[in-house]
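Read through the structure below, which is laid out as structure tokens, and then see the notes.
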There are 2 protein chains.
Amino acid sequence: MDNRAKILSCALQLFATRGYDAVGVQEIVAAVGIAKPTLYHFFGSKEGVLQALLTEHFAEQYERVKQAAVYRGDLPLTLNQIATAYFQYAGDHRQFYRMQLSMWFGPANSTAYKAVSRLNEKQHQLLEDLFARASKDHGNLRGRQRAYAATFLGMINTYIGLSLNGYADLSDELVQQAVHQFMHGIFS
Amino acid sequence: MDNRAKILSCALQLFATRGYDAVGVQEIVAAVGIAKPTLYHFFGSKEGVLQALLTEHFAEQYERVKQAAVYRGDLPLTLNQIATAYFQYAGDHRQFYRMQLSMWFGPANSTAYKAVSRLNEKQHQLLEDLFARASKDHGNLRGRQRAYAATFLGMINTYIGLSLNGYADLSDELVQQAVHQFMHGIFS
DNA sequence: CAATCTGTGTACCGAATGGTACACTCGCGT
DNA sequence: ACGCGAGTGTACCATTCGGTACACAGATTG
């Protein structure tokens with residue numbers, strides 16, 4: 001593993017466990033075992049490290065969810081696939097998801113929140129489009145796609161958060177139940 | 001309003017919008033219009049400000065929820081009352097709830113998370129006890145009180161988070177629906 | 001061999017950090 | 001009138017912050 005990768009790895013761990021603002025550049029390079037200019041050579045700034053971390057990890061996550069989100073007339077099935085994709089990704093990259101989650105719920109004017117907001121927007125858009133497409137088969141959603149997308153994503157992230165803190169495990173049954181619950185909430 | 005109250009008020013606003021770690025003592029006292037030793041006179045440290053903020057605001061929130069959580073044999077009704085209490089409190093103290101939420105989802109080793117964790121534990125215990133008591137009437141929960149408490153609290157916080165970001169409004173119907181959904185999830 | 005480019009360490013920068021020593025003012029009880 | 005304690009401002013502390021100038025090593029390329 002070269003120094004660039006080592007920096008990203010150590011930074012991810014530190015950001016995830018202590019928070020972006022609480023971790024200094026000094027601390028990162030000390031953890032890696034290099035000097036500061038090396039970090040600045042690769043990433044230009046502390047925020048550059050964060051950006052690289054987010055874009056490189058998020059690409060895979062987005063691709064997985066995107067493939068799960070193809071709509072073929074069965075909304076519950078699609079939501080099932082999406083939830084499964086999220087749960088699997090979160091399970092495979094616990095640290096990254098933890099960081100992403102903390103930034104998503106973090107203060108709206110923080111550097112970290114601004115950095116993840118564009119990623120959130122992409123995820124949100126994906127879901128919103130799905131609900132819009134599904135509305136042809138499930139009756140008019142009366143502009144509620146946006147709220148549904150937010151609620152669904154919020155629910156998924158809640159379960160992942162619970163799992164990361166040991167309150168739940170992201171089993172297939174949980175996916176089933178969660179989606180069932182969600183659909184039940186929409187059409188009632 | 002005396003300086004002590006002013007400090008708490010300004011600190012709350014700054015912490016809620018930019019995050020505990022990102023805000024310096026300097027910045028707080030500048031916003032209040034006082035000098036640093038005044039802050040240190042009242043609170044002893046930056047963390048002391050946070051602690052005072054949390055304990056003083058949380059007391060009211062806890063009292064409200066506690067009164068809503070008296071169980072009289074009707075679990076859905078009680079959950080309805082609890083959710084309503086949370087939603088009302090969050091609506092009345094948006095800034096504080098925002099801060100609390102960001103700390104709850106924040107990195108587990110951050111100063112902020114440690115500060116709120118004991119408050120969360122109290123809320124969690126309240127709900128866990130409720131589910132344990134209700135299990136006499138609703139069949140054995142087989143040790144799932146803990147998971148149910150976490151899920152219910154997670155759901156409430158998700159909705160509050162959505163509301164704070166403008167994706168939902170915390171109406172009575174939403175409470176009804178959310179509790180209904182939650183109960184439906186338990187017994188299915 | 002010389003020129004170059006990527007990567008890395010030493011040593012440093014100014015600014016900001018959390019925190020404090022100390023002198024002062026003011027209202028209150030005596 | 002007095003002392004005392006709460007509250008507050010000035011000026012400062014050591015440390016750490018994010019960031020950089022620069023020298024140099026080593027591999028690549030002419």
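Letters go in sequence order (proteins before strands), and every chain restarts at 1.
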Donor-acceptor contacts, no H, no angles, side chain residues 108-117 of chain A, under 3.5 Å, sequence neighbours left out:
unit_1   : atom_1 : unit_2   : atom_2 : d
A/Ser110 : OG     : A/Pro107 : O      : 2.7
A/Ser110 : OG     : A/Tyr113 : N      : 3.2
A/Ser117 : OG     : A/Lys114 : O      : 2.9

- Got a donor-acceptor contact below 3.5 angstrom from the B/Thr38 side chain to the B/Ile34 backbone? no
- Quick one: is A/Asn3 getting a side-chain N or O under 4.0 Å of the C/dT8 phosphate, OP1 or OP2? yes
- Message: Going by salt bridge (Lys or Arg N to Asp or Glu O under 4.0 Å), name the residues that satisfy it together with A/Glu63, two or more places apart in sequence or in a different chain.
- Response: none
Residues 81-89 of chain A, side-chain donor-acceptor partners within the protein, below 3.5 Å, at least two apart:
unit_1  : atom_1 : unit_2   : atom_2 : d
A/Thr84 : OG1    : A/Asn80  : O      : 2.7
A/Tyr86 : OH     : A/Gln123 : OE1    : 2.6
A/Tyr89 : OH     : A/His57  : O      : 3.1

- Would you say C/dG7 has OP1 or OP2 under 4.0 Å from some side-chain N or O of A/His41? yes
- Note on the structure: Which of C/dG7, C/dG9, D/dG9 is nearest the side chain of A/Phe42? It is C/dG7
- Task: Could you pull out all residues at least two apart from A/Phe152 that satisfy ring-ring contact (aromatic ring centres under 6.0 Å, His included)?
- Result: A/Phe182
What's touching nucleotides 18-25 of chain D from the protein side, N or O pairs under 3.5 Å?
unit_1 : atom_1 : unit_2  : atom_2 : d
D/dG18 : OP1    : A/Lys46 : NZ     : 3.0
D/dG18 : OP2    : A/Val25 : N      : 2.7
D/dG18 : N7     : A/Lys36 : NZ     : 3.3
D/dG18 : O6     : A/Lys36 : NZ     : 3.4
D/dG19 : OP2    : A/Tyr40 : OH     : 3.1
D/dG19 : OP2    : A/Lys46 : N      : 3.0
D/dG19 : N7     : A/Lys36 : NZ     : 3.1
D/dG19 : O6     : A/Lys36 : NZ     : 2.2

- Atom-pair distance (CD1 on B/Ile34; P on D/dG7), nearest Å: 12 Å
- Task: Produce a footprint string for nucleotides 23-29 of chain C: one letter per nucleotide, 5' end first; B if the base is under 4.0 Å from any protein heavy atom, S if only the sugar-phosphate is, - if neither.
- Result: -------
- Query: Can you check the A/Leu39 CG to C/dG9 P distance for me, whole Å?
  - Reply: 12 Å
Contacts under 3.5 angstrom, residues 13-27 of chain B side chains, donor-acceptor by atom type, not counting sequence neighbours:
unit_1  : atom_1 : unit_2  : atom_2 : d
B/Thr17 : OG1    : B/Gln13 : O      : 2.9
B/Thr17 : OG1    : B/Leu14 : O      : 3.4
B/Arg18 : NH1    : B/Glu27 : OE2    : 2.6
B/Arg18 : NH2    : B/Ala22 : O      : 3.4
B/Arg18 : NH2    : B/Glu27 : OE1    : 3.4
B/Arg18 : NH2    : B/Glu27 : OE2    : 3.4
B/Tyr20 : OH     : B/Glu47 : N      : 3.3

- Item | Partner residues of A/Arg118 under the salt bridge (Lys or Arg N to Asp or Glu O under 4.0 Å) criterion, sequence neighbours left out | none
- Note on the structure: Separation of D/dT16 atom P from A/Ile28 atom CD1, nearest Å, is 16 Å
- Query: What integer distance in Å separates A/Arg18:CZ from D/dT16:P?
  - Reply: 13 Å
- Item | Contacts of type salt bridge (Lys or Arg N to Asp or Glu O under 4.0 Å), residue B/Arg64, not counting sequence neighbours | B/Glu60, B/Asp92
